[in-house]
**Student:** 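This is the structure I have questions about; it appears just below.
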Amino acid sequence: MQLELKHIARILDCKTGNPANEIIIRQLLTDSRAVFDPAHTLFFALRTKTGDGHRYIKSLYDKGVRGFVVDTLPTDTTTMPGAVFLATDSVLGALHAVAKEARKHSSAKEIIAITGSRGKTMTKEMLYTLLYRNRDIARSPRSFNSQTGVPLSLWGTASAKDIAVIEAGISQSGEMTQLAQMIAPTTGVLTDLTESEHASGFESMDHKLKEKVSLFAGCRRVVYDIDSEYARKGAGYLPEPVKRIGFSTSGNENADIHFDLKPRLSSTDVTVTISGNRYSGTLNFTDNAQLKAACTAIATALALGEEPEYIAGRLTLLQPVNTRTEVLEGSGRSTIIHDRYPADITNLAGAVDFMIRRLTPVKSATIILGDLVQTGHDSSLDYKRLGQLLANSAIERVVAVGKKLAQYAPLWRGNVADTVFYKDTDTLSEAIASGAISFDNQLVLVSGTNDRDFSNITGLLEARRHETVLEVNLDAVVHNFNYFKAQLKPETGIVCMVKAGGYGAGSYELAKTLQSHGASYLAVAVLDEGVELRNAGITMPIMVLNPRVVNYSELFACRLEPEVFSFEELEAIASAAESHGITGYPVHIKLDTGMHRLGFVGEDIPALAEYLKKRPALSPRSVFSHLAAADDPSMDDYTEQQFALFEKWSSELQSHFSHRILRHILNSTGITRFPQMQYDMVRLGICLYGVNTMNDGSQEGLRNVSSLYTSIISLKHWPAGTTIGYNRKGVCHRDSVIATIPVGYADGIDRHLGNGAMKVLVNGVLCPSIGNICMDACMIDVTGCNGNVAVGDKVEIFGKNIPPAIIADTLGTIPYEILTSVSSRVKRVYYSE
Ligand SMILES: *Cc1c(COP(=O)(O)O)cnc(C)c1O
């Protein structure tokens with residue numbers, strides 16, 4: 001899509017000066033880091049909870065951007081000659097207005113909108129694969145489905161001649177109306193709707209359903225999963241003229257399209273029945289979610305009138321769609337980002353953006369790139385855009401793997417300092433193994449379409465290779481952070497507790513994520529944790545809870561703000577600060593209102609205040625206390641007493657100072673139960689990691705963050721009576737199938753979890769441990785899988801399906817201990833969906 005800037009100014013009812021006459025807009029930009037064609041870019045300076053686009057105007061101007069939509073004119077416009085500012089009351093409203101214009105000019109005959117709880121991106125990608133050979137089809141990039149993502153998608157897909165596929169997602173009531181007006185779809189696709197995707201932000205699930213399907217009110221047809229109770233209900237709310245096309249994978253007789261799926265070892269035979277005719281094909285995967293998405297895509301293609309024989313013939317082309325971006329620790333102090341989205345130019349732009357956000361001064365950026373997935377009829381266009389993308393990023397080296405990258409090199413390599421070519425992943429693997437190419441001290445983005453081949457490359461670069469991994473879902477962290485943010489007053493700050501390596505999840509990636517989502521402070525337990533975060537490039541304020549350190553130089557140099565809980569400690573820090581010639585160094589005063597662990601008490605306050613005033617080296621930044629029993633309603637009298645003491649003592653301390661001292665007392669449970677005591681900040685810990693501390697529904701909607709997975713490395717059939725493991729403690733009471741998994745007490749699996757005390761999940765079946773837990777392995781009884789089990793199958797120890805609380809209950813402890821017990825030798829994998 002392209003429009004003249006003056007045309008856009010007219011739509012927005014803005015005046016422009018003369019320069020606007022010459023400017024053609026080809027890219028709409030909302031994230032200042034994702035610019036790739038500056039001269040033809042229109043930047044929308046959005047204000048969000050966490051940032052303000054107006055701050056980036058000058059730096060974008062310096063990169064060559066000339067068009068800006070703003071709600072407030074910059075004060076220094078004279079320093080930006082040639083720039084055009086379109087001033088409007090609502091920048092988001094302006095973006096929506098431009099999106100509607102793009103929709104009006106769209107050449108696509110069909111605009112397909114996909115919504116639902118799960119599988120939107122997978123369905124979109126598979127539909128694209130089914131249709132792109134015969135149709136001029138475009139789709140929205142990655143998971144661009146929000147109030148800002150959809151406008152960019154409409155703009156990007158408007159030039160497709162046949163079909164534009166747009167994903168739409170909502171998180172709050174009222175949003176769908178906006179999306180519906182913008183997209184005005186002609187065909188709707190309703191993927192699986194689940195209840196677990198609860199109705200927060202809505203009055204009820206029904207309300208959410210009605211709002212979701214309102215997107216389809218003007219459609220000619222809607223394709224939906226008749227097997228899903230909610231999708232069926234949603235389809236029922238559609239107005240009469242919309243044609244409803246239900247598909248079923250379980251023989252539902254009201255379905256218009258039937259799928260019969262026959263799983264084999266690594267593929268699935270599919271028979272599709274439509275209008276009494278049967279067509280067969282094979283899908284090269286077996287995962288249920290992927291199969292569901294494939295059926296949704298096939299049903300949609302058929303509903304659009306594609307020839308069933310043609311579609312059946314294309315099924316083998318469908319690949320499982322992995323929508324994860326993983327961050328892994330590499331060898332030689334490198335960091336590896338593996339982007340598993342199909343590597344087309346739009347998705348790649350998203351991955352590069354993700355990478356650049358993680359770039360620190362100590363690492364240089366390299367990309368290992370496979371041939372791009374073609375997005376139009378002319379590949380050269382994709383490679384030209386690759387050139388633009390690379391030119392405007394900080395990537396210093398491209399390792400190009402594939403024939404097309406070599407063929408089109410003149411179109412893209414011009415602006416990259418260093419390019420290396422390999423004909424395939426095998427030759428690159430050899431080069432890595434022989435040391436011919438090194439990635440030490442680099443931030444490496446791996447992006448290639450054949451997931452298996454590129455996974456091997458990532459494997460070679462990883463620091464630790466072990467079948468057991470702790471997967472950390474960064475999106476869930478953001479979700480949980482925002483979940484609490486929404487319950488607090490807008491001005492209340494959130495201190496995110498990343499002590500104990502982020503409750504075992506690993507603090508750097510969490511810190512990075514939380515920093516970019518507007519946390520006020522991070523809190524670590526000890527100095528080293530804070531130093532590590534600073535060295536890795538975390539710039540936000542950090543408090544150190546237990547600063548008993550000798551190395552004050554490091555504390556000051558890293559701007560780490562200590563908690564102080566005693567006069568001795570105060571003296572040590574004050575004299576150290578004085579000898580460094582520091583004044584006004586921020587400290588956090590801890591009061592002991594009832595925990596009886598650490599802190600000053602009421603009678604200390606006058607002396608404390610006097611001391612602090614005499615030592616200008618230090619300045620109290622905040623005063624706080626910790627609740628001893630926030631999660632126990634039977635102790636609320638005690639908690640109230642803590643609140644009363646805190647109010648009294650903190651006010652008294654404040655009365656001695658003219659600057660404001662921030663106050664905070666609530667932990668996670670405290671936020672849920674006593675929001676009226678939020679003061680200036682709250683300290684969010686365990687709930688950030690998705691663990692409920694209350695079981696009364698008051699914390700419903702938190703998402704699980706950490707999952708411990710391993711995989712089966714050996715499988716044996718044993719007759720009844722066989723004993724398993726050390727001291728023959730495990731006994732097979734029937735003919736049994738026993739699997740060995742490479743995780744033991746040295747990984748953090750408590751020995752008390754042996755002999756059936758723990759159940760792990762294998763292919764949807766809970767399987768008990770059998771015998772004693774060994775140091776590096778344990779055995780599980782997989783007889784219950786009824787043969788549906790193989791070496792290599794994934795095993796969940798805890799995570800989405802098995803909450804850490806269950807294991808904690810078994811061991812008579814709390815989930816905090818389960819999360820922090822996963823030993824450091826277990827590889828952490830961070831991902832974002
Ligand atoms: C760990 C900790 C918290 C967080 O508690 P959660 O129960 O995990 O939310 C808050 N404040 C202090 C002082 C802590 O040590």
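Just follow the structure's listing: the first ligand is 1, and inside any ligand the first atom is 1.
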**Student:** How far is atom 5 (O) of ligand 1 from the closest protein heavy atom, and which atom is that?
**Tutor:** Asn667 CB, 3.5 Å

**Student:** So, regarding Tyr503 and ligand 1 (criterion: nitrogen or oxygen to nitrogen or oxygen, under 3.5 Å), is there a contact or not?
**Tutor:** yes

**Student:** For Val495 and Ser520, run side-chain contact (heavy atoms from CB on, under 4.5 Å): C-alpha distance rounded to whole Å, both residues' side-chain angles, the deciding distance at 0.1 Å, then the answer.
**Tutor:** CA-CA 6 Å; Val495 182; Ser520 307; 5.6 Å; no

**Student:** Identify the closest protein heavy atom to atom 9 (O) of ligand 1: which residue and atom is it, and at what distance?
**Tutor:**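 Going by distance alone, atom 9 (O) of ligand 1 is nearest to Ser668 OG, 2.4 Å.
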
**Student:** Give the residue, atom name and distance (to 0.1 Å) of the protein heavy atom nearest atom 11 (N) of ligand 1.
**Tutor:** Arg683 NE, 2.7 Å

**Student:** Which pairs, with at least one residue in residues 680-691 and sequence neighbours excluded, count as a side-chain hydrogen bond (donor to acceptor under 3.5 Å, both in side chains)?
**Tutor:** His626-Arg683, Arg660-Asp680, His664-Arg683

**Student:** So is there a nitrogen or oxygen of Gly685 less than 3.5 Å from a nitrogen or oxygen in ligand 1?
**Tutor:** yes

**Student:** Do Lys590 and Arg597 make a side-chain contact, defined as non-hydrogen atoms from C-beta onward lying under 4.5 Å apart?
**Tutor:**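 Counting from C-beta outward, Lys590 and Arg597 do come under 4.5 Å.
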
**Student:** Tell me: protein heavy atom nearest atom 12 (C) of ligand 1, and distance?
**Tutor:** His626 CE1, 3.4 Å

**Student:** Do NZ/NE/NH1/NH2 and the carboxylate oxygens of Asp696 and Arg673 come within less than 4.0 Å?
**Tutor:** no

**Student:** Given Ile542, which of Glu529, Glu561, Arg534 fulfils the side chain to side chain contact (heavy atoms under 4.5 Å, CB included) condition?
**Tutor:**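 Among the candidates, only Arg534 passes.
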
**Student:** For ligand 1, is there an N or O atom under 3.5 Å from any N or O atom of Phe624?
**Tutor:**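 By distance alone, the answer is no.
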
**Student:** Among protein heavy atoms, which lies nearest atom 7 (O) of ligand 1, and at what distance?
**Tutor:**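 So the nearest neighbour among protein heavy atoms is Tyr816 OH, 2.6 Å.
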
**Student:** Measure the shortest side-chain to side-chain distance between Asp592 and Leu598 over non-hydrogen atoms and say whether it is less than 4.5 angstrom.
**Tutor:**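 A side-chain contact under 4.5 Å is absent here.
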
**Student:** Considering only heavy atoms, which of Met497, Arg597, Lys499, His588 lies nearest to atom 1 (C) of ligand 1?
**Tutor:**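 Looking at heavy atoms only, the winner is Lys499.
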
**Student:** How about Tyr831 and Asn473: do any of their side-chain heavy atoms sit closer than 4.5 Å?
**Tutor:**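 Yes; the side chains approach each other to less than 4.5 Å.
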
